[in-house]
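FYI, the numbering just counts along the sequence from 1.
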Amino acid sequence: MILRFFRSSFPIQFFTIGVIAILLWGHAFFNPPAMPAPDGPVPLYELIYNLLHRAPHIACIIGFILTIFSAFLLNRLLTQNEVLLKNSSLSALVFIALMSYFPFLLTLHQLSITTLILLMIIERLYKSYNKTESLELTYVAGFLIGINSLFYLPFIIFFFFLLITFIIFRNIDWHEWIGSFIGLITPYLFLSAYYFWYDKWMVKAIEYRRFFLMSFDLTPFREPSFLVLSGIIVFLLLFGLITGLSRLGERTIEIRKKTFLLIWLIPVMLGSIFFSGNLLKYHLLISFITLSELLSSYLLKIKNTFWPEMVFVGIMIILLLNNLLSGLT
């Protein structure tokens, strides 16, 4: 009954999703978690952090708005490109549940911004599929990767995701490969000029060089609650990958390629995890775009929804209780 309700995409479904999101974020509006401090040279996030870290309620509200907007953007992206077989709102619900899976996520942080911009990048890559010349779109995609890395530096590794996209879409036009690289370095050309003008270039160059020293914090994995919920996420991801790959043969070539594009987010995310530093527990959020598509696609195709509904409702209750009880402690 519940999953069937979200198999449509009328205003009532999106209103209900908004209500569920408010319930998941409810305690954070009154007792918001702190914004994570900037980790590494991230000038754009550092600017936002300096403005909002002393106003946690405002940061929480902005984080909530970004999550809602990202969820609806993802849903539109998947349905308009027919990556999901039905015009549903389910992927938005799944995405919000995943992005709210732990109390420390219920505020504005680097990955909430990064995820939104990543969706914009994927949107442009999808648009480029049916264009004979997509230099503008690929340049903008490279440019957005550069901008995103100014919020979260490990995201610069996702330039390889862009190159993988060219291979999947069989785009061998060297103009677009070079154009995407020019887009990537454009923000850094302006940033270098700024640092050079204010005599900070050498200091910042050393900070960026340190980024290439692999480091990540394993402290979160010592927390039992984080391990349990992370285990659920990993299980769902593996289940989604197995079921999703087994059904790819039923789709057209275009849809298969666009689905493969989302699946390739996982290995690129895993490859960049070694540079996540103190933000390891946030870094996994990048995979939620793929996981939302895989789970939604599976849930939309099954006929007997009773047990999947029970599991889904159980996970939602666990998330709600975990966020609420953590807010009261």
Side-chain angles (χ1 to χ4, degrees), residues 70 72-87 91 95 114-149 152 154-187 237 240-272 285-298 300-301:
S70 297
F72 291 163
L73 176 59
L74 173 64
N75 194 82
R76 189 191 71 177
L77 188 66
L78 297 179
T79 54
Q80 284 187 352
N81 289 276
E82 300 181 352
V83 177
L84 288 182
L85 298 181
K86 294 184 179 180
N87 188 26
S91 60
F95 182 81
T114 297
T115 303
L116 174 58
I117 299 178
L118 177 56
L119 288 170
M120 296 178 183
I121 294 169
I122 295 173
E123 183 177 32
R124 280 151 182 82
L125 294 176
Y126 276 0
K127 287 180 180 179
S128 72
Y129 180 82
N130 292 316
K131 291 183 177 291
T132 55
E133 294 184 3
S134 53
L135 181 59
E136 179 182 353
L137 292 171
T138 53
Y139 170 83
V140 172
F143 179 79
L144 288 175
I145 291 175
I147 291 293
N148 223 358
S149 66
Y152 182 59
F155 195 82
I156 200 169
I157 303 296
F158 277 74
F159 183 70
F160 293 104
F161 171 72
L162 184 56
L163 301 182
I164 291 170
T165 301
F166 293 156
I167 296 173
I168 294 175
F169 289 177
R170 294 185 178 179
N171 186 340
I172 56 175
D173 187 349
W174 68 270
H175 293 92
E176 297 187 6
W177 289 61
I178 298 298
S180 63
F181 178 73
I182 293 174
L184 174 70
I185 65 174
T186 297
L237 183 60
L241 286 172
I242 293 172
T243 57
L245 289 173
S246 65
R247 296 173 184 269
L248 278 180
E250 305 171 8
R251 302 188 174 190
T252 65
I253 294 176
E254 178 180 348
I255 303 306
R256 286 204 299 267
K257 288 184 177 182
K258 289 181 176 180
T259 304
F260 268 127
L261 176 63
L262 294 179
I263 291 175
W264 265 102
L265 282 175
I266 303 302
V268 178
M269 181 273 294
L270 293 175
S272 58
L285 271 64
I286 296 173
S287 67
F288 290 172
I289 294 175
T290 305
L291 183 54
S292 297
E293 187 278 327
L294 293 173
L295 291 180
S296 299
S297 181
Y298 169 76
L300 288 171
K301 293 209 68 174

When rounded to the nearest 0.5 angstrom, what distance separates CG in N75 from CD in Q80?
-> 10.0 Å

F181: what forms a ring pair (Phe, Tyr, Trp, His ring centres under 6.0 Å) with it, not counting sequence neighbours?
-> none

Who are the side chain to side chain donor-acceptor pair (under 3.5 Å) partners of S272, not counting sequence neighbours?
-> H283

Rounded to the nearest 0.5 Å, how far apart are CG of L291 and CG of L265?
-> 11.5 Å

Residues forming a ring pair (Phe, Tyr, Trp, His ring centres under 6.0 Å) with F161, sequence neighbours excluded | none

Which residues share a side chain to side chain contact (heavy atoms under 4.5 Å, CB included) with I164, sequence neighbours left out = I168, W264, V268

Main-chain N/O of L294 paired to S297 side chain as donor or acceptor, under 3.5 Å = no

Looking at residues at least two apart in the chain, or sitting in another chain, which of them share a ring pair (Phe, Tyr, Trp, His ring centres under 6.0 Å) with F95?
-> none

Sequence neighbours left out, what passes side chain to side chain donor-acceptor pair (under 3.5 Å) with S292? Give chain and number order.
-> none

On the 0 to 90° scale, with breaks at 30° and 60°, tag the W177-F166 ring pair as parallel, tilted or perpendicular.
-> tilted

Close side-chain approach of M120 to L116, heavy-atom, < 4.5 Å | yes

Any chance you could measure Y129, atom OH, to I253, atom CD1, to the nearest 0.5 Å?
-> 6.5 Å

